[in-house]
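Taking it in order: structure first as structure tokens, then the write-up.
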There are 2 protein chains.
Amino acid sequence: MPRTMTPALLDLVADRFKALADPARLRLLNALRDGERTVSELVEATDLTQANTSKHLALLHTLGFVKRRREASWTYYALGDRDVLRLCDLMCGRIEAEVERRARMLE
Amino acid sequence: MPRTMTPALLDLVADRFKALADPARLRLLNALRDGERTVSELVEATDLTQANTSKHLALLHTLGFVKRRREASWTYYALGDRDVLRLCDLMCGRIEAEVERRARMLE
DNA sequence: TACGAATATAACTATATGGTTATATCCTAG
DNA sequence: CTAGGATATAACCATATAGTTATATTCGTA
């Protein structure tokens, strides 16, 4: 975080964290782990409705978390870059640490 | 992100991203960059109301993003660990990259 | 051209949550 | 033990948004 966090920059950062702050969107990103998928494949993989899936994907795309490629009548989505998973991994690491800390307190 | 993202784990991750998905809380974390601060100092630094500040700090504390220490009638808050800023830096890095990409497209 | 599959969007509702005001709690001084 | 400062909590309202249903769009094909 740069020292000079203007209110505008703070809003941008907050918006991006907000995009990751939803279980449905995290499921979608996780489903893209192994490569690109069509919307229908993502619907299948995540158990979300088609409309809901499209809406979430649109948001993730706007913020660059996923990229897309049209081919015939399908849209293939893929992770935007490696940062996405790195962010999630960092968060998971925190949770693991927390769980361990709690386990140790119960010993 | 581990391969097996159970719904419960997804909720935990989402909750943590949600904590960072608010400009007011980001301001508080940023204000803690250089070390611990009392609540009143944070109120002063962020222009939030006292009640609002306390509420946000309570949430950040629950999730381990800040730690606190009571001394006399003051509560000193500090960053929970280095991950917090690392997460924000990653996000800022994404934004910078995005801005640059856009600038290049206008050339 | 008309149809159907794949995807996107619009309108709506219900819920979650950020900010405020008011009050409670905790601590120290006198 | 009372007063006052520092912090936390409660109750409330207004807004934002996730999910749904319905419809629009886009594209290949009969």
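Remember, predicted model here, so these are calculated numbers, not experimental data. Order of the sequence lines fixes the chain letters, A, B, ..., with proteins taken first and strands second; residue numbering starts at 1 for each chain.
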**Item:** Close side-chain approach of V84(B) to L87(B), heavy-atom, < 4.5 Å
**Value:** no
**Message:** What I'd like to find out is whether the side chain of L42(A) reaches to under 4.5 Å of the side chain of L32(A), using heavy atoms alone.
**Reply:**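 The answer is yes, as the side chains (C-beta and beyond) meet within the 4.5 Å cut-off.
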Give a yes/no answer on whether the side chain of [X] brings an N or O atom under 4.0 Å of OP1 or OP2 in [N].
X	N	result
Y77(B)	dA8(D)	yes
S40(B)	dT7(D)	yes
R37(B)	dT7(D)	no

What's touching nucleotides 13-18 of chain C from the protein side, N or O pairs under 3.5 Å?
{"unit_1": "dG18(C)", "atom_1": "OP1", "unit_2": "R25(B)", "atom_2": "NH2", "d": "3.3"}
{"unit_1": "dG18(C)", "atom_1": "OP2", "unit_2": "R25(B)", "atom_2": "NH1", "d": "3.2"}

**Prompt:** Are E98(A) and R102(A) close enough for a salt bridge, meaning some N to O gap below 4.0 Å?
**Reply:** yes
Assign [X] to base, sugar-phosphate, or nothing according to its heavy-atom contacts below 4.0 angstrom with the strands shown.
X	answer
T38(B)	sugar-phosphate
Y76(A)	nothing
T75(B)	sugar-phosphate

**Message:** When you measure from the side chain of R68(B) to the backbone of T75(B), do you find a donor-acceptor pair of N or O atoms at a distance under 3.5 Å?
**Reply:** no
**Message:** Donor-acceptor pair, distance only, cut-off 3.5 Å: does the side chain of R27(B) make one with the backbone of M5(A)?
**Reply:**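 The answer is no, because no donor-acceptor pair under 3.5 Å joins these two groups.
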Sub-3.5 Å pairs of nitrogen or oxygen atoms, protein against nucleotides 22-30 of chain D:
none

**Request:** Evaluate the criterion side-chain contact (heavy atoms from CB on, under 4.5 Å) for residue pair E71(B) and T38(B); output intermediate values, then yes/no.
**Result:** CA-CA 10 Å; E71(B) 184 174 320; T38(B) 67; over 6 Å; no
**Asked** Where do N52(B) and V43(B) land on the side-chain contact (heavy atoms from CB on, under 4.5 Å) test, with the steps shown first?
**Response** CA-CA 9 Å; N52(B) 203 9; V43(B) 167; over 6 Å; no
Distance, rounded to the nearest Å, where [X] contributes [atom1] and [N] contributes [atom2]:
X	N	atom1	atom2	value
L10(B)	dA18(D)	CG	P	15 Å
L48(B)	dA6(D)	CG	P	18 Å
H61(B)	dT9(D)	NE2	P	11 Å
D47(A)	dT20(D)	CG	C1'	16 Å
R27(A)	dA18(D)	CZ	P	14 Å

**Option passing side chain to side chain contact (heavy atoms under 4.5 Å, CB included) with L85(A) (candidates N30(A), L90(A), L79(A))** = L79(A)
**Asked** Do the side-chain N and O atoms of S40(A) and E44(A) include a donor-acceptor pair separated by under 3.5 angstrom?
**Response** no
